[in-house]
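Report on the structure given below.
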Number of protein chains: 2
Amino acid sequence: MAKAKIYITFKDGVLEPQGKTVNAALVKMGYKNIKDVRIGKYIEMEIDGNNEKIKKEVDEICDKLLANPNIEKYDFEII
Amino acid sequence: MAKAKIYITFKDGVLEPQGKTVNAALVKMGYKNIKDVRIGKYIEMEIDGNNEKIKKEVDEICDKLLANPNIEKYDFEII
């Protein structure tokens, strides 16, 4: 059993209002050294199979279901 | 300028329906070897200051604003 850790974020240049709001809140709370915040998704998956197959599958799953390739990019690692 | 990568997930034992739904969808799509899916938040932060101060601040921010310590746990790295 392997674990896949998947990180999905908006592509650079895509406006991410949730992060902007958190950034503004933090600056208001006194954390004036915070320059940028971007919020994405973090997904952990328990998955059976050999490493090569898992890599292929996770890539496929990210592309088809988890990320919107028009505006999001993803990255993952298998551990 | 440093970058903080923050991972927020529900604590073990806390029901996470979004992940369960994705898991069921993936099994239905034919990925029968997916055993568990848990969805959390991934946050990237650009932050000024020295490493020690940044670590302390990010820990504080996670605890106060980003995570709900009753049901969520967090982890971060500074790069």
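Small disclaimer: the values here were computed from a predicted structure and weren't measured. Below, chain A is the first sequence line, B the second, and so on; all start at residue 1.
Neither the backbone nor the side chain of B/Lys32 comes within contact range of chain A, judged by heavy atoms closer than 4.5 Å. Of the two parts of A/Lys3, neither the backbone nor the side chain holds a non-hydrogen atom closer than 4.5 Å to a non-hydrogen atom of chain B.
Heavy-atom pairs under 4.5 Å with chain B peak, among A/Arg38, A/Lys5, A/Glu60, at A/Arg38. When A/Leu66, A/Ile39, A/Leu65 are compared by the number of non-hydrogen pairs under 4.5 Å with chain B, A/Ile39 comes out ahead. Of the listed residues (B/Ile6, B/Ile61, B/Thr9), the greatest number of heavy-atom pairs within a distance under 4.5 Å of chain A belongs to B/Ile61. Top candidate by heavy-atom pairs under 4.5 Å with chain B, chosen from A/Ala25, A/Gly49, A/Gly40, A/Ala4, is A/Gly40. Taking chain A as the reference chain and counting heavy-atom pairs below 4.5 Å, the highest number among B/Ile54, B/Val37, B/Val22, B/Asn23 is found for B/Val37.
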*Start with the C-alpha gap between B/Lys20 and B/Glu16, add the side-chain angles, then the distance that decides, and say whether salt bridge (Lys or Arg N to Asp or Glu O under 4.0 Å) holds.*
CA-CA 7 Å; B/Lys20 293 269 174 273; B/Glu16 204 274 279; over 6 Å; no
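The CG atom of A/Leu26 sits 9.5 Å away from atom NZ of B/Lys64, with the distance rounded to the nearest 0.5 Å. Rounded to the nearest 0.5 Å, atoms CD (B/Glu44) and CZ (A/Phe10) are 12.5 Å apart.
A/Phe76 approaches A/Ile78 most closely through the heavy-atom pair CD1-CD1, 4.0 Å.
Under the 3.5 Å distance criterion, with hydrogens and angles disregarded, no donor-acceptor pair is assigned to the side chains of B/Tyr74 and B/Glu72.
Taking the six-membered ring where the residue is Trp, A/Tyr7 and B/Tyr7 present tilted rings, their angle falling between 30° and 60°.
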